[in-house]
Amino acid sequence: MVNLILCGGSGTRLWPLSRKKTPKQFARIFRDRSLFEEVLSRNRPLCDRFVVATNVEHLPLVKSQMARMGIERVEGLLEPMGRNTAPAIALILMGLPRDELVLVSPSDHRITKHDRYAEAVRRAARLAEQGFLVTFGITPQYAETGYGYIEADGENVLSFREKPDRTTAEAYLASGRYYWNSGMFVFSAGTLLDELSRCAPEVFDAAQRTYARAEKGNLLRPRPEDMAAIPSISIDYAVMEKSKRVKVVACDPGWSDLGSFDALYDETRGDAENAALADDATFLNSRRCLVVGGEKPIILEGVEDLIVVQTDDTTLIMRRGQSQNVRDVLKVIAERRPDLL
């Protein structure tokens, strides 16, 4: 089985920890390893080789971090521009044997229960060998409004649902039939390409033309004009929501997409009331706060529900529970201090 790691994405919701030049998948948020390095580590016992979809700007980071994990040869796709996940996956699969099983992994998610994860991957591989496209449904821990959901009856997928409002998310949770959509998949190369050709022929045809004209090597290098001609669409929209060959493996592998500082607080605090990813953080009479920092001491006194993020060149302070508002912060930063992006 091949592990296809999707290394796109800018991780803007974790600014200023995540920047354009070092997005969250390559940042050492948890000090010892980046999220990308964690993917390599947990999938190494399950897969025979790795292929990546990345861009020119981040290729040096991919190379250096793979080398740090003992992987010297970088294979996959070098994108001249991002066209979402369906084109990236299709272009890589066109260079693989049709019967090759492929585990698709986002590079910026965290998984902490490795035994449960490995068990789910092995089950997904067995289903993929039978000709199914397999997605992973995460057992929901609470009524999350920031994730898409999968409705299922056992391993049969009934529907994919967009990010719900609070009332709908609570109904999903209460029903026991819905799972968070993790964005992880297992399928054979041939099955996915056949279904892409059937469900989204315009995407398949454009990807096939692009692959035929691309520079081949360890890294596939498409022509920019060809890549631009491929419709930009996710693998969910292009295939998974349309195909009749989809199965879901439900699991609870300690998964988080770390899509916000609120998610980082939940991931970090454990049983403690406050959470810190900093060399020197002190909480005095303070509750439910997150501190992310560098070498300078950060002291909170008499405050509640704050997020404090300190880097070498800036400090972000915001109310916990409102970390999605980083998008609004970035609009101001783009106008006033684009160098901080």
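Given the structure is predicted, the values throughout are model-derived calculations rather than measurements.
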*Indicate, with yes or no, if the rings of Trp255 and Tyr147 have centres closer together than 6.0 Å.*
yes
*Can you name the one residue among Asp339, Leu341, Leu316, Asp328 that meets side chain to side chain contact (heavy atoms under 4.5 Å, CB included) with Ile333?*
Leu341
*Flag side-chain contact, heavy atom, 4.5 Å: Gln310 against Ile298*: yes
*How would you list, by chain and number, every residue that makes a side chain to side chain donor-acceptor pair (under 3.5 Å) with Arg269, sequence neighbours excluded?*
none
_If we ignore hydrogens and angles and just use 3.5 Å, is the side chain of Arg245 paired with the main-chain N or O of Leu133 as donor and acceptor?_
no
*Do side-chain atoms of Asn3 reach the backbone of Leu103 as a donor and acceptor pair under 3.5 angstrom?*
yes
*Restricting to pairs with a member in residues 170-182, which pass salt bridge (charged side-chain N to carboxylate O under 4.0 Å, His left out), not counting sequence neighbours?*
Glu151-Arg177
*Would Thr314 and Thr311 satisfy side chain to side chain donor-acceptor pair (under 3.5 Å), going step by step from the backbone distance to the final call?*
CA-CA 5 Å; Thr314 192; Thr311 66; 5.5 Å; no
*Indicate yes or no for a side-chain donor-acceptor contact from Tyr149 to the backbone of Glu144 under 3.5 Å, with no hydrogens or angles considered.*
yes
*Verify, without hydrogens or angle tests, whether Ser107 (side chain) and Gln25 (backbone) share a donor-acceptor contact under 3.5 angstrom.*
no
_From CA spacing to verdict: side chain to side chain donor-acceptor pair (under 3.5 Å), Ser34, Gln65_ = CA-CA 8 Å; Ser34 70; Gln65 294 196 4; 2.6 Å; yes
_Check this for me, if you would: do Asp252 and Lys113 make a salt bridge, where the nitrogen-to-carboxylate-oxygen distance has to be below 4.0 angstrom?_
yes
*Is the number of heavy atoms from other residues, nucleotides or ligands within 6.0 Å of NZ (Lys216) greater than 12?*
yes
*Note: Asp280-Lys296 ion pair, threshold 4.0 Å (strictly below)*: no
_Tell me whether the rings of His58 and Phe26 are parallel (<30°), tilted (30 to 60°) or perpendicular (>60°)._
tilted
*Please answer whether the main-chain N or O of Leu14 pairs with a side-chain N or O of Ser18 as donor and acceptor at a distance below 3.5 Å.*
no
_Quick one, Asp262 with Ser323, criterion side chain to side chain donor-acceptor pair (under 3.5 Å). Give me CA distance, side-chain angles, the key distance, then yes/no._
CA-CA 6 Å; Asp262 286 306; Ser323 64; 2.6 Å; yes
*Return the set of residues passing side chain to side chain donor-acceptor pair (under 3.5 Å) with Glu100 (not counting sequence neighbours), or none when no residue passes.*
none
_Same apolar cluster (I L V M F W Y, side chains within < 4.5 Å links), Leu93/Leu101_ = no
*Would you indicate whether Glu295, at its atom CD, is surrounded by more than 12 heavy atoms from other residues, nucleotides or ligands within a distance under 6.0 Å?*
no
*For Glu119 and Arg116, what are the C-alpha separation, side-chain angles and deciding distance, and is it a salt bridge (charged side-chain N to carboxylate O under 4.0 Å, His left out)?*
CA-CA 5 Å; Glu119 181 182 351; Arg116 293 184 185 181; over 6 Å; no
*asked:* Can you confirm whether more than 12 heavy atoms, excluding those of Phe30, are under 6.0 Å from its CZ atom?
replied: yes
*Would you check if the side chain of Arg44 reaches a backbone N or O of Met69 as a donor-acceptor pair within less than 3.5 Å?*
yes
*Check the pair Glu57 / Lys21 against salt bridge (charged side-chain N to carboxylate O under 4.0 Å, His left out), numbers first and verdict last.*
CA-CA 7 Å; Glu57 184 176 20; Lys21 291 185 177 180; 6.0 Å; no
*Check: Phe136 main-chain N/O paired with Ser182 side-chain donor or acceptor under 3.5 Å*: yes
*asked:* Taking the basic N atoms (NZ, or NE/NH1/NH2) and the acidic carboxylate oxygens, is any pair closer than 4.0 Å for Glu155 and Arg123?
replied: yes
*asked:* For Asp165 and Thr168: C-alpha separation, side-chain torsions, deciding distance, then whether side chain to side chain donor-acceptor pair (under 3.5 Å) applies.
replied: CA-CA 5 Å; Asp165 58 26; Thr168 303; 2.7 Å; yes
*Would you say the side-chain atoms of Thr22 pair up with the backbone N or O of Arg19, donor to acceptor, closer than 3.5 Å?*
no
_Assess the residue pair Arg287 and Glu304 against the criterion (salt bridge (charged side-chain N to carboxylate O under 4.0 Å, His left out)); give the C-alpha distance rounded to whole Å, side-chain angles, the decisive distance to 0.1 Å, and a yes or no._
CA-CA 5 Å; Arg287 299 189 300 165; Glu304 298 180 350; 2.8 Å; yes
_Heavy-atom donor-acceptor pair, Asp48 side chain to Val2 backbone, under 3.5 Å_ = no
*Within 45° of the six-membered ring axis of Phe261 and under 6.0 Å from that ring's centre, is NZ or CZ of Arg320 located there?*
no
_Test: Arg68 and Glu37 ion pair at under 4.0 Å_ = yes
*Got more than 12 heavy atoms from elsewhere within 6.0 Å of CG, Asn218?*
yes
*Counting heavy atoms not belonging to Lys242, are there more than 12 under 6.0 Å from its NZ?*
yes
